[in-house]
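Computation of the quantities below employed the complete heavy-atom set of this structure, encompassing side-chain atoms and omitting hydrogens, waters and symmetry-equivalent molecules. From a predicted model like this one, the values you see are computed outputs, not experimental measurements.
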Amino acid sequence: MTVDVLVPTYRRPAALAATLATVAAQTVPRLRVVVSDQTEDGTGGVGAEARAVLRLLAARGHEVEVHRHLPRRGLAEHRAFLLSTARAPYALFLDDDVLVEPDLVERLLGAMAGHSCGFVGSAVIGLSFLDDVRPDEQDIELWEGPVVPEEIRPGGQGWERHRLHNAANLWHVQRRLGLTRDRQRVYKVAWAGGCVLYDVDKLRRVGGYSFWNELPDHHCGEDVLAQLRVMARFGGCGLVPSGAYHQELPTTVPLREADAPLLLL
């Protein structure tokens with residue numbers, strides 16, 4: 001297997017099923033799909049619909065694993081567990097409320113092969129915002145050469161790049177630039193959430209999510225911190241067109257005062 005698709009989930013049985021259905025449609029011939037469920041009661045996580053899609057994945061020759069990982073000790077610890085299960089050279093961390101186009105994993109792998117960086121992210125687009133055009137949030141810095149390491153810090157140079165990933169900004173930018181899956185580019189990011197392909201060795205070499213025990217159980221920004229560390233040493237980028245779409249469900253992380261990069265950088 002070239003890619004492990006790592007999916008953390010919590011109390012989103014319908015959304016998880018929809019996400020896995022788009023994984024089942026990928027053009028990459030063989031994937032290893034690892035789902036880790038932290039739903040405490042065992043009834044609201046990997047439901048019958050998701051299990052049907054997992055059976056379809058297995059029938060098509062993909063490798064499937066489902067774990068129940070309890071107790072809940074925060075997002076970073078959950079991602080650390082998933083990373084510990086990775087065996088392939090690349091791992092796609094995919095949130096349980098993201099839909100991906102059929103060729104996205106293939107395109108992410110192509111971008112990774114072309115730039116040999118630490119991660120390539122497909123920022124998620126909120127399609128309910130298609131009519132909400134925000135020119136002041138649509139600055140994009142395309143990589144004109146190879147992706148190189150960058151040191152980004154909260155509030156510092158490059159931090160405001162995250163605004164490009166709000167609402168449907170990336171959709172508007174990719175259409176304005178005439179970018180398509182046959183004419184894709186990579187661009188500079190502060191971070192990308194929801195759908196990120198990592199070089200597993202490089203993620204592990206910066207410590208992965210081992211910082212989880214330095215955070216309170218209720219925190220956010222764990223993916224941001226991991227990406228900032230990878231980017232500082234190996235470089236990272238975003239892929240445009242994105243090909244990843246948010247299901248736009250209510251967050252399962254309502255307590256967000258403890259922001260990992262603000263606490264630990």
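Across A190 and H162, no two heavy atoms sit closer than the pair CB-N, 4.0 Å. Of all heavy-atom pairs between D37 and H78, the closest is N-NE2, 4.5 Å.
For the pair V100 and S122, the minimum side-chain heavy-atom distance is 4.5 Å or more. L70 is listed as a side-chain neighbour of Q38, based on a closest heavy-atom distance under 4.5 Å.
Judged as a salt bridge (charged side-chain N to carboxylate O under 4.0 Å, His left out), the pairs with a partner in residues 216-230 (not counting sequence neighbours) are, in order, R79-E222. Among residues at least two apart or in separate chains, salt bridge (charged side-chain N to carboxylate O under 4.0 Å, His left out) pairs with a member in residues 140-149 are E141-R161, E144-R185.
Taking the six-membered ring for Trp and thresholds of 30 and 60 degrees, W191 and W159 have ring planes inclined between 30 and 60 degrees apart. Between F81 and H67, the ring planes lie perpendicular to each other; the angle is over 60°, past the 30° to 60° tilted range.
Remark: E63 does not engage R30 in a salt bridge, criterion side-chain N to carboxylate O under 4.0 Å.
Remark: R175 CZ is loosely packed, at most 12 non-hydrogen atoms of other residues, nucleotides or ligands lying under 6.0 Å away.
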Item to check | R163 and R134: CA distance, side-chain angles, deciding distance, side-chain contact (heavy atoms from CB on, under 4.5 Å) verdict | outcome: CA-CA 10 Å; R163 290 157 57 87; R134 307 178 183 185; over 6 Å; no

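For F93 and Y209, the ring centers sit closer than 6.0 Å to each other.
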